[in-house]
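Report on the following structure.
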Amino acid sequence: MTQDFSYDVIVIGAGHAGCEAAHAAARLGAKTCLITMDMNKIAQMSCNPAIGGIAKGQIVREIDALGGLTGIVTDATSIQFKMLNRSKGPAMWSPRAQCDRARFITEWRQHLEHTDNLHIWQDEVAEIIVEKGEIRGVRTIWDATFSARAVVVTAGTFLNGLMHIGKKQVPGGRCSEPASTHLTRSIEELGIRSARMKTGTPVRIDARSVHFDEMELQPGETDHHRFSYIGTTRPLPQLPCWTCNTTPEVHEVLRQGLADSPLFNGQIQSIGPRYCPSIETKITTFPDRPQHPLFLEPEGLDTNELYLNGFSSSLPMDIQLQALKQMPCFRDVVAYRPGYAIEYDFFDPTQLTHTLEAKQISGLFFAGQVNGTTGYEEAAGQGLIAGINAALKCSGNSTFTLGRDEAYIGVLIDDLVTKGVDEPYRMFTSRAEYRILLRQDNADMRLTPYAEKWGMATEERSRRFNQKKQHIEEIITHFQNTSVKAAQVNDYFERIDSTPLRGGCKLFDIVNRPQVTLKGLSEELPQLRELFAGITEDTEETIEAAEIAMKYHGYISRERATADKIQRLEAIHIKGKFDYESITQLSTEARQKLKSIDPETLAQAGRIPGVSPNDISVLLVLLGR
């Protein structure tokens, strides 16, 4: 008896997007197959062994709130944690963790292999099978044919991947791993446009060759913060990182090698990530800067391999090592392998809907770097949405999308499908117009109800979410209804250099003082200690969330009101209502862009580059609004 290759959903590629897509589809009840070229590299961290960072950390919290696994796996394998931007307001706080690279893969694989409805197959997909504009399945290089009603492409950097070190070029999707050389052509034959992008990675260093006494120690944090809302404290030992700076001597060696740099000799034509440039790009763009910061980060608990963050390069091997040896801490440096650049195929994301389904082919979804993004977190967020929608497609249910006022994932996908990309897309807090609403502390309050609606939330997640929500409401209600006398708090105010009270005041108003914290108040007020004692689970996280909600109540309310006004334009659906080419009142650029993207709503039309407020006014008049 042969194996049954009939599935509801097939996911191509087991990177961060593919893992989240496969888990989500299976979790929603779709019979799912995850096809990967190497089962031992599931969720491989191709570059930095870290999750999170500015805006990226918010995305991971959102993935977790929606029932995804990236946050859970990160907490289980974290070897250093930091909450970035703590000196700024909570809208900017961003969690980040260094992970044990090998344990990260093992943890992800364990979760996937114990997910109901999910099977893993090791092979390379060569062809997408389509009939009458609808997905029918895939065929692999070993001529295995899989039937499916939905396919999610998450091939990362493997599509015709080409690696560069100096003038040497080697086909591959990752160091020592083959490229996928058939799939792009199959997808292009369906009428979907592709192009090329470039990314890179730095040298890996042997810790035994580093003079750590010449570097600055960077310890992590050990407080209650974590990624998963249902996780526990970090189980692994926590390790430090180190920092140092390049020198003019380093830069001079690098300049000597620029003639052999693929980025500058015409060998690489595609565009790389603006916000993660190579070291040769840095010294060329900022020729007068005498130094650039570097961060040396551990790859795991049981290895001497270290990642040199900030030194991404595709220069010849000897130039990379010679430059490093100019720094005191690396004077005896020994490398495991040099840095390299990689070019790969991606597909113009304006060819997708907000569900990440291709407009041309029913049931074909794309997620991750094949959509022109960079970063594990952006990929995982897309994978989750694509996986949910692939499963919903099979069950005949409605689609699932997120608004720009609901999630960074919503901002990410809207930017991709509305504006497209001309360089690898990286998420920043500045890309979100409602970042006070989209904080890392409240991702569960924003999104876990969706996880409950679609069946992504486990019973444990729902229980803890509803308990936390109840406790936050109880704290806020108590502060709104409880008054204190000056004598009860003035000693505390004196200690924190805050103006003393002259009379009674509501606790809610006291919290608005910048220096005041709920923990500090509880040390003075027995009734607060009693209230907080009733929170037996996620105590510190719950108290912090309540404090942020109260302190920033005014800002949050104003931003919510602004978002609601914009939401009115989101409710005006225009897809299929206009023949844009015939509307002469529109600018030529607007006609071209609107026809190409065919936006779903008037608000989306307004976000298309080249569509002016006047063009939107024309459409409103034609709609009779």
Side-chain angles (χ1 to χ4, degrees), residues 45-50 53 80 96 98 101 157 163-166 168 174-175 198-212 214-218 239-264 268 272-300 303-342 374-376 424 426:
M45 294 170 137
S46 305
C47 198
N48 192 351
Q80 189 190 85
R96 182 185 188 273
Q98 286 291 130
R101 185 190 297 275
T157 61
M163 297 178 290
H164 302 259
I165 301 178
K168 184 69 176 178
R174 204 159 39 210
C175 187
K198 169 262 171 187
T199 189
T201 193
V203 60
R204 306 304 200 272
I205 289 174
D206 190 331
R208 294 168 296 184
S209 68
V210 178
H211 295 271
F212 292 102
E214 304 276 1
M215 307 182 81
E216 182 181 341
L217 193 69
Q218 296 272 304
L239 302 181
C241 296
W242 300 266
T243 184
C244 59
N245 293 298
T246 60
T247 65
E249 292 77 15
V250 173
H251 297 179
E252 182 56 35
V253 173
L254 294 173
R255 288 190 186 96
Q256 293 172 11
L258 287 179
D260 293 324
S261 169
L263 294 176
F264 294 95
I268 291 178
R274 177 192 304 267
Y275 301 105
C276 189
S278 66
I279 188 65
E280 53 264 42
T281 300
K282 291 178 186 177
I283 65 167
T284 304
T285 306
F286 307 103
D288 298 327
R289 185 173 294 181
Q291 62 184 31
H292 293 280
L294 303 178
F295 299 89
L296 195 59
E297 301 166 336
E299 295 258 348
T303 178
N304 286 314
E305 189 176 357
L306 300 172
Y307 177 96
L308 188 57
N309 197 339
F311 204 80
S312 177
S313 179
S314 58
L315 285 164
M317 285 186 281
D318 58 333
I319 294 294
Q320 293 185 39
L321 296 176
Q322 185 183 345
L324 286 175
K325 287 179 180 289
Q326 307 305 309
M327 301 173 62
C329 57
F330 295 135
R331 60 182 179 270
D332 300 314
V333 72
V334 173
Y336 284 105
R337 63 172 172 81
Y340 63 90
I342 180 169
T374 180
Y376 313 139
R426 177 178 179 177

field: Any side-chain heavy-atom pair of Thr281 and Thr284 under 4.5 Å
entry: no
Heavy-atom check, side chain of Pro202 versus side chain of Ser278, under 4.5 Å: no
- prompt: What distance separates Gln256 CD from Gln322 CD, expressed to the nearest 0.5 Å?
  reply: 6.5 Å
- request: Check whether any side-chain heavy atom of Val334 sits under 4.5 Å from a side-chain heavy atom of Arg208, and report yes or no.
  value: no
query: For Arg426, does its backbone N or O pair with a side-chain atom of Tyr275 as donor and acceptor, under 3.5 Å?
result: no
statement: CD1 (Ile205) and CD (Glu297) are apart, to the nearest 0.5 Å, by 11.5 Å
- prompt: Which atom pair, heavy atoms only, marks the closest approach of Lys198 to Leu263?
  reply: CE-CD2, 3.7 Å
task: Please report the shortest heavy-atom distance between Pro316 and Gly257, naming the atom on each side.
output: CD-O, 4.3 Å
field: Interatomic distance, Ile279 atom CD1 to Ser261 atom OG [nearest 0.5 angstrom]
entry: 12.0 Å
- request: First locate atom CD of Glu280, then atom CD of Gln320, and finally report the distance between them rounded to the nearest 0.5 Å.
  value: 7.5 Å
query: Above 12 or not: heavy atoms from other molecules or residues under 6.0 Å from CZ of Arg337?
result: yes
message: Could you check whether any side-chain heavy atom of Val210 comes within less than 4.5 Å of a side-chain heavy atom of Phe330, counting everything from C-beta outward?
response: yes
- prompt: Considering all heavy atoms of both residues, which atom of Lys282 and which atom of Pro277 are nearest to each other, and what is their separation?
  reply: CE-O, 3.7 Å
query: Do Val203 and Val333 come within less than 4.5 Å of each other through their side chains, counting heavy atoms only?
result: no
- request: For a side chain to side chain contact (heavy atoms under 4.5 Å, CB included) with Cys241, tell me which candidate from Glu216, Met215, Gln80 qualifies.
  value: Gln80
message: Would the distance check show the side chain of Thr303 and the main-chain N or O of Gly300 forming a donor-acceptor pair, the cut-off being under 3.5 Å?
response: no
- request: Measure the spacing between CZ of Phe311 and CG of Leu294 and express it to the nearest 0.5 Å.
  value: 7.0 Å
- request: For the pair Thr246 (side chain) and His292 (backbone), establish whether a donor and an acceptor sit closer than 3.5 Å, ignoring hydrogens and angles.
  value: yes
task: For residues Asn245 and Pro293, report the shortest heavy-atom separation together with the two atoms involved.
output: OD1-CA, 3.3 Å
query: How about Glu299 and Asn304: do any of their side-chain heavy atoms sit closer than 4.5 Å?
result: no
message: According to side chain to side chain donor-acceptor pair (under 3.5 Å), who are the partners of Thr157, at least two apart in sequence or on a separate chain?
response: none
query: Are any non-hydrogen side-chain atoms of Glu214 and Arg331 less than 4.5 angstrom apart?
result: yes
message: Please give me the minimum heavy-atom distance between Pro262 and His164, naming the atom from each residue.
response: CG-CB, 3.8 Å
task: Rounded to the nearest 0.5 Å, what's the gap from OG on Ser312 to OH on Tyr307? Could you check?
output: 6.5 Å
query: Can you find a heavy atom in the side chain of Leu306 that is under 4.5 Å from one in the side chain of Tyr336?
result: no
statement: Smallest heavy-atom separation, Met317 atom then Pro338 atom, equals CG-CG, 3.4 Å
